[in-house]
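Counting starts at 1 for both ligands and their atoms, following the listed order. Nothing fancy with the numbering, it's 1 onward along the sequence.
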Amino acid sequence: MNNNPWIRSQEQLKAIAKKINLKPLLLARLLEPDRIITMSLPIKLDNGFVETFTGYRVQHNNILGPYKGGIRFHPNVSMDEVKALSFWMTIKCAVVDVPFGGGKGGITVNPKELSETELKKLTQVFAQRLSPIIGPTLDVPAPDVNTNPTIMSWIVDEYSKIVGKNSPAVITGKPVDKGGSLGRTEATGFGGGYVLLHALKKLKLDKKKEITVAVQGFGNVGYHVALFLAEHGFKVVAVSDSKEAIYVEKGLNPEKTYACKKNNAMLSNCFCVGNACDRTYGKTISNQELLELPVDILIPAALENVITVENANKVKAKIIVELANGPLTHEADEILDTKGIIVIPDILANAGGVCVSYYEWYQNMKKQHWTKEKVFTKLQKQMERVTDEVFTTQKKYGTNLRDAAYILAINRLQKGIK
Ligand code: NAD
């Protein structure tokens, strides 16, 4: 099967359609996005030259509510990637039972090569192009890879200027003082943690004393899941970023490691155990080696297609929790299935982010402010309920967890389609 994520997502859908009675109208609505937009984004750089970037917004489907999905700034962003991610958002919102549809956006850019002024200008031009097609009841973007609350606040400001009124509900993942929800930053990682804890109980695997974990990617999602799991007694032995991976046999302190990386910018200076960081506590490994470690749980939390036909046979983890979107190719998925490795699929595992995005949007629409405790209590309940539903669907249809999550989502969409 093709590793183009869009082709892959369509193939996934067609395979599910064959297993269940997917009605032709719903299949047609899911096979192509409702609307796709390509944007030309010229900006004047600090050196006076003009550079034109390309931006995208794909509105995949709004059967269950306004289009919803993040904005990614990355050199590999392409229309097909954005289309696939928007499709997965449609499915994810349906799995996790929030009243949103699916969308996604992005700019083909390496934001690390831009100054803050240039990045802000680029974001503002993007917001100008987006403004006719987004809105609190139309399309509500959010952060994704290389975008953050500050970038979201630039978009809200630009959008509010254009429509002539403060419109915080147009975007989620904002800074809290700009109408963001407490707990949104932690939501995807913590949500994955709630799903994993609940799944381990259901699989009767929660009794083991020391469960080892490796996390690929140490950004927003990777850091927060590592933090959550370390706080719940798991031993996080490896984490990585785009440059390198580190292995600490005794189990690392994610909070210290994250703070150390922020200061040093290199993970390999940050072998942190307990309250101390010392070079002798661990070793540097490659991202590839991290994926092949003999751990109980492997958590890809970086980019798509990192486990492929090339390395799937070398994976030794017993459970994979997909916090990145689409980290396994289809062939890798099949190999892992044959090996009896349990995969908790992205559309369930990383849905905590969109769940709290919904809480943020709801608070903005109703002019409410929830405490962090309320957010996490609701998030835990919702993630556990949908995990139960996915496991029940798995039993009913005799499938793996990914297919079960798809079937659950499609059944919800089928009820919503007019
Ligand atoms: P981020 O930009 O905060 O972090 C990405 C991390 O991945 C960084 O540590 C980066 O160094 C690392 N990375 C990049 N390329 C890599 C490579 N080739 N090998 C190893 N590591 C690499 O992004 P994020 O928000 O943490 O998102 C991570 C993943 O989670 C993405 O797939 C995203 O779509 C998905 N996701 C994010 C959210 C959210 O709320 N942020 C929600 C759902 C899904």
Side-chain angles (χ1 to χ4, degrees), residues 5 68-77 81-82 84-89 91-93 95-96 98 100 102 104-106 109-112 141-152 171-174 180-181 183-192 195 214-227 238-246 254 257-258 261-262 265-267 270 285-291 298-308 311 321-328 345-360 379 383:
K68 184 88 193 83
I71 289 173
R72 180 175 289 198
F73 288 179
H74 194 276
N76 294 345
V77 165
E81 181 185 69
V82 179
L85 291 164
S86 72
F87 164 74
W88 287 324
M89 282 305 296
I91 300 295
K92 191 184 305 179
C93 290
V95 171
V96 79
V98 293
F100 282 134
K104 202 82 185 185
V109 60
N110 183 352
K112 288 168 197 154
D144 191 66
V145 174
N146 290 330
T147 57
N148 56 32
T150 305
I151 293 175
M152 297 305 107
I171 214 155
T172 58
K174 300 177 291 290
S181 177
R184 174 62 185 89
T185 309
E186 300 91 333
T188 306
F190 283 20
V195 170
V215 183
Q216 185 192 44
F218 202 48
N220 174 283
V221 177
Y223 166 60
H224 285 104
V225 74
L227 182 68
V239 295
S240 69
D241 61 17
S242 56
K243 297 186 201 87
E244 56 188 353
I246 56 169
T257 306
Y258 195 71
K261 182 184 142 67
K262 267 203 156 166
M266 285 302 282
L267 267 178
C270 302
I285 57 174
S286 68
N287 253 299
Q288 207 46 52
E289 287 170 314
L290 179 143
L291 298 172
L298 173 63
I299 306 187
L303 297 174
E304 51 266 26
N305 291 344
V306 293
I307 303 179
T308 66
N311 60 357
V321 186
E322 294 186 321
L323 286 195
N325 285 307
L328 272 54
D346 47 6
I347 49 175
L348 168 65
N350 70 28
V354 76
C355 215
V356 176
S357 274
Y358 168 60
Y359 303 162
E360 178 176 334
L379 178 64
M383 297 312 286

Does Glu289 offer a backbone N or O that forms a donor-acceptor pair with the side chain of Ser286 under 3.5 Å?
yes
Asn148 meets the side-chain hydrogen bond (donor to acceptor under 3.5 Å, both in side chains) criterion, sequence neighbours left out, with none
Checking Lys92 now: which residues fulfil salt bridge (Lys or Arg N to Asp or Glu O under 4.0 Å) with it, not counting sequence neighbours?
none
Arg72 versus Thr147, side-chain donor and acceptor atoms under 3.5 Å
no
Could you check whether the rings of Tyr223 and Tyr258 sit parallel, tilted or perpendicular, using 30° and 60° as the cut-offs?
parallel
Pairs under 3.5 angstrom, nitrogen or oxygen on both sides, ligand 1 versus protein: list them out, please.
residue: ligand 1; atom: 2 (O); partner: Asn146; partner atom: N; Å: 3.1
residue: ligand 1; atom: 3 (O); partner: Asn220; partner atom: N; Å: 2.9
residue: ligand 1; atom: 9 (O); partner: Phe218; partner atom: N; Å: 3.0
residue: ligand 1; atom: 9 (O); partner: Gly219; partner atom: N; Å: 3.1
residue: ligand 1; atom: 11 (O); partner: Ser242; partner atom: N; Å: 2.9
residue: ligand 1; atom: 19 (N); partner: Asn287; partner atom: ND2; Å: 3.4
residue: ligand 1; atom: 21 (N); partner: Asp241; partner atom: O; Å: 3.4
residue: ligand 1; atom: 26 (O); partner: Asn220; partner atom: N; Å: 3.3
residue: ligand 1; atom: 26 (O); partner: Val221; partner atom: N; Å: 2.9
residue: ligand 1; atom: 30 (O); partner: Leu323; partner atom: O; Å: 3.4
residue: ligand 1; atom: 32 (O); partner: Ala302; partner atom: O; Å: 2.8
residue: ligand 1; atom: 32 (O); partner: Asn325; partner atom: N; Å: 3.2
residue: ligand 1; atom: 34 (O); partner: Arg72; partner atom: NH2; Å: 2.9
residue: ligand 1; atom: 34 (O); partner: Asp144; partner atom: OD1; Å: 2.8
residue: ligand 1; atom: 34 (O); partner: Asn325; partner atom: ND2; Å: 2.8
residue: ligand 1; atom: 40 (O); partner: Arg184; partner atom: NH1; Å: 3.3
residue: ligand 1; atom: 40 (O); partner: Arg184; partner atom: NH2; Å: 3.2
residue: ligand 1; atom: 40 (O); partner: Thr188; partner atom: OG1; Å: 2.7

Residues in disulfide bond (SG atoms under 2.5 Å apart) with Cys270, at least two apart?
Cys260
